[in-house]
Amino acid sequence: MSFDLAKLEAHLTSRSYIEGYTPSQADVHVFKALSGVPDAAKSPHAFRWYNHIKSYSSEFDSLAGSSNAGEAFTVAAAPAEEEEVDLFGSDEEDDAEAERVKAQRVAAYNAKKANKPKTIAKSVVTLEVKPWDDETDMKALEESVRSIKQEGLVWGASKLVAIGYGIKKLQITLVVEDELVSLDELQEKIAEFEDYVQSSDIAAMQSTPYHVRAAKYALPCGFDRLRWAARRYPIARSAYNYETLHIGNTMLNPVHSPYEGGVQTLSRDQCRRAKSALTKNHQHVTLEPNSLYILTQPLLNGAFHWAFMLTDAQNVATMHHWMEQERGPHAEAYHMHNIAGGVNKLRNAPVLGYFKIDGYVPIDLPLFTRLCQNTFPSGYTTVSQNRAHSLSCRTWITAVLTTLKKQGYLNREDMPEEVERLVKARSAEFDVTYTNDFFWQRPYWTVVTSV
């Protein structure tokens, strides 16, 4: 009995399990058929799946389903060939004629297939390019953007849209052939015009029906397109509409800031939303007091936004993250937000998961804020420069954890880089589930776990 690891890797590229959306006997069958742990470099998806299924080892016998789907990845050894005795002889002339007819039919099929026009997948994209300030030469900015020429790229109409304070952004339409043009690479080229361009964003995107059909069969290009759509329009299709945060058995307190003092009571609008939530998709997320969590959210470029969620004994939660800012000398900086209590209506991408940091020693909010502020105290003037110097929300999270460990506020044997690896791997797994839920128009429920 041999095992087809390449087939398993291809299967798990767009799936979390062998069959369905929960572990089953099919996963157990494939897990036991493997001779060892798959190579993380050669088979990253199989490696991720193996470690995930391994955590269910004690529950293998109780998992539902059958092993039929898992048998597709095992190949039975070829039986030993037995010497055949031809008692009646063979008609070699008939065999030759059959081969000739077969060859003619194959040639005719290939010729017909070659003449069939190939479907070219195209996308219509609306791109927004933001300048530095109101003194930026917008005409020169547009000319710089349009100077980018490559096969499969056609620039269309454009207009200037007011942002505020006299600043306008360029909104330009383009048509791209998906196999020839990478939007990520295109945005990197636009970012090179540093004298004019502060940042660029994809505001809208429409694809040919080919991608919808491809997504149903989990083709790589179709799944990537579906994942982009799930991140671009999360609330419209499948994500839950309302979220209530709890700390322990108590609902999160309303807005509370130690710097402002006092507690703001629920407004009339918050009460109305709470009542409305009873008839809508509504998730209750329970966090533990005096704890530190890492939360991840999906981004349009396929990566994740990383942030800290800090809870205290008074049922107060604050979010801390390294993020892009509209104004200021630096493109990105540290920000702290108070999390409103009660029922919150979600407008942005949902949280894929809350990851509680084991070994965290609780400290007060002012001290934690100072530690966060002193990590990456200053960045660069553009996001691309920050990335070139390894400054991002993910590396900022790891740097803060390193500082906590050095000062004795994180008691665990492994290094913060291992925490980063675990969160990244689990987030990728949750992202696949979120994208599948989006496609089938099911609510995605945020996962609360620990690392």
[Y] side chain reached by [X] side chain, heavy atoms, under 4.5 Å:
X      : Y      : result
Gln171 : Leu127 : no
Leu170 : Met138 : yes
Phe355 : Thr296 : yes
Ile397 : Val400 : no
Val361 : Leu410 : no
Val432 : Arg15  : no

If I compare all heavy atoms of [X] with all of [Y], which pair ends up nearest, and what's the gap?
X      : Y      : answer
Asp358 : Arg412 : O-NH1, 3.0 Å
Leu12  : Ala46  : CD1-CA, 3.8 Å
Thr375 : Trp396 : O-NE1, 3.5 Å
Phe304 : Cys393 : O-SG, 3.9 Å

If only side-chain N and O atoms count, and only distance matters, is there a donor-acceptor pair under 3.5 Å linking [Y] with [X]?
X      : Y      : answer
Ser392 : Thr395 : yes
His45  : Ser43  : no
Asp195 : Trp132 : no
Glu142 : Ser158 : yes
Thr381 : Gln385 : yes
Ser24  : Glu19  : no
Asn338 : Thr318 : no

Query raised in the report: Angle class for the His335/His337 ring planes (parallel below 30°, perpendicular above 60°, tilted otherwise)?
Result: parallel
Close aromatic pair by centroid cut-off 6.0 Å: [X] and [Y]:
X      : Y      : answer
Trp49  : Tyr17  : no
Phe60  : Phe31  : yes
His321 : Phe308 : no

Query raised in the report: Are there more than 12 heavy atoms of other residues, nucleotides or ligands under 6.0 Å from atom CG of Asp61?
Result: no
**Report entry** Exceeds 12 heavy-atom contacts within 6.0 angstrom, atom NZ of Lys405
**Finding:** yes
Query raised in the report: Are the side chain of Ser427 and the backbone of Ala425 linked by a donor-acceptor contact shorter than 3.5 Å?
Result: no
Requested in this report: Decide, yes or no, whether a salt bridge links Glu429 with Arg426 under the criterion of side-chain N to carboxylate O below 4.0 Å.
Outcome: yes
Requested in this report: Would you give the length of the straight line joining atom CD of Glu128 to atom CG of Asp201, rounded to the nearest 0.5 angstrom?
Outcome: 7.0 Å
Query raised in the report: How many angstroms lie between CG in Leu34 and CG in Leu5, if you round to the nearest 0.5 Å?
Result: 6.5 Å
Requested in this report: Show the numbers, then the answer: is there a salt bridge (Lys or Arg N to Asp or Glu O under 4.0 Å) between Glu9 and Arg48?
Outcome: CA-CA 10 Å; Glu9 174 68 15; Arg48 179 262 305 163; over 6 Å; no
